[in-house]
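Inspection log for the structure reproduced underneath, given as structure tokens.
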Amino acid sequence: VGGTAPLGAIDFGGTKTAVALVDAQGRVLRRLRLDTPARPTPEQAVEHLGRAWEALVADVPAADRPVRVGLTVPGPADAGAGIVRRAFDWGWRDVPLGALLARRLGLPVRLDNDVNACCLAEMRFGVAAGVRDFVWLQLSTGVGGAIVCGGQLHPGAAGLAGEVGHMVLEEGGPPCACGHRGCLEALVSGPAIARRYAEACAGGATPPPAGGDAQGVFRAAQAGDTRAAAVLDGVARDLGRAVAFVANLLDPELVVLGGGVMESLHPWLPAIRRAALERMLEADHRRLRLERSGVGYDAALLGAALLAEG
Ligand SMILES: [Zn+2]
């Protein structure tokens with residue numbers, strides 16, 4: 001690729017792992033996607049990532065291989081120190097995964113939290129290019145967020161800013177993975193959508209179709225199931241309420257909605273926007289745009305490549 005080595009990118013997700021070679025324009029040159037082992041120990045994780053990487057570059061001539069690797073992890077991380085602070089589903093605490101993987105690969109590794117990396121990818125390659133004040137909101141198994149102020153990620157005093165997923169929208173609402181109840185995440189994440197649909201169908205004459213995940217709800221809505229459509233309308237309203245909070249607090253120029261759930265929920269963008277505008281102070285005077293991610297499913301992978309770029 002134009003004489004420069006590609007960037008090495010690893011998106012180490014809670015359920016899927018993607019490894020890729022990416023060029024400086026954000027094009028994925030080759031990739032491998034595989035399941036993440038269930039509840040890996042750090043040693044198992046390093047072995048899993050090491051093998052995936054070796055399979056990816058096996059038939060790439062040595063001169064064309066990346067000289068650095070970027071790694072995204074599904075939890076809070078100390079990017080400077082290469083440490084995974086927490087990986088909730090795996091029971092990890094303070095794991096120096098960057099150093100461990102660097103030793104396994106024989107290459108420098110830079111890591112960061114996947115939400116921050118997605119946000120960086122959106123800034124470089126997506127709809128937030130050139131935007132100085134925006135909020136990235138990510139809907140998948142969980143709901144994450146990142147704030148960009150004046151062109152910089154805003155980490156907050158303890159690196160915990162942007163946790164939009166845990167604003168409580170419904171006192172005493174459904175339990176959230178964080179231990180509280182009624183968080184945005186407990187209302188609009190993939191598992192939350194599946195749960196809302198199952199509740200909407202409970203006691204009805206026709207049971208919900210098998211395969212009770214969020215994708216099943218979207219398929220049901222598309223097939224004309226009015227209960228599924230009503231659930232997704234409710235999800236859009238809740239998301240709009242959250243966007244209004246964010247807009248009133250930060251007055252961003254743009255809110256980007258990304259993540260796997262959004263890849264299916266994007267036809268509800270006008271409904272999300274309506275619900276947000278109804279609750280926003282001075283909606284007429286704001287310059288807020290609400291857009292679907294421009295990098296889509298590859299956000300974390302492209303973000304990992306940007307980490308490798310340094
Ligand atoms: Zn929560």
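In each ligand, atom 1 is the first atom listed, and ligand 1 is the first ligand listed. Note that this is a predicted model, so its numbers are computed, not measured.
Here CD of Glu253 is found 10.0 Å from CZ of Arg132. Values are rounded to the nearest 0.5 Å. If you take CH2 on Trp90 and OG1 on Thr41, they are separated by 11.0 Å, rounding to the nearest 0.5 Å.
For the pair Tyr297 and Gly260, the tightest heavy-atom approach, listed with the atom from each and the gap, is CE2-CA, 3.9 Å.
A salt bridge links Arg104 to Glu47: at least one charged side-chain nitrogen sits closer than 4.0 Å to a carboxylate oxygen.
Rounded to 10°, the angle that SG of Cys183 and SG of Cys178 form at the Zn ion (ligand 1) is 110°.
The Zn ion (ligand 1) has no N, O or S atom of His180 inside 2.8 Å of it.
Looking at His166, its N, O or S atom nearest to the Zn ion (ligand 1) turns out to be ND1.
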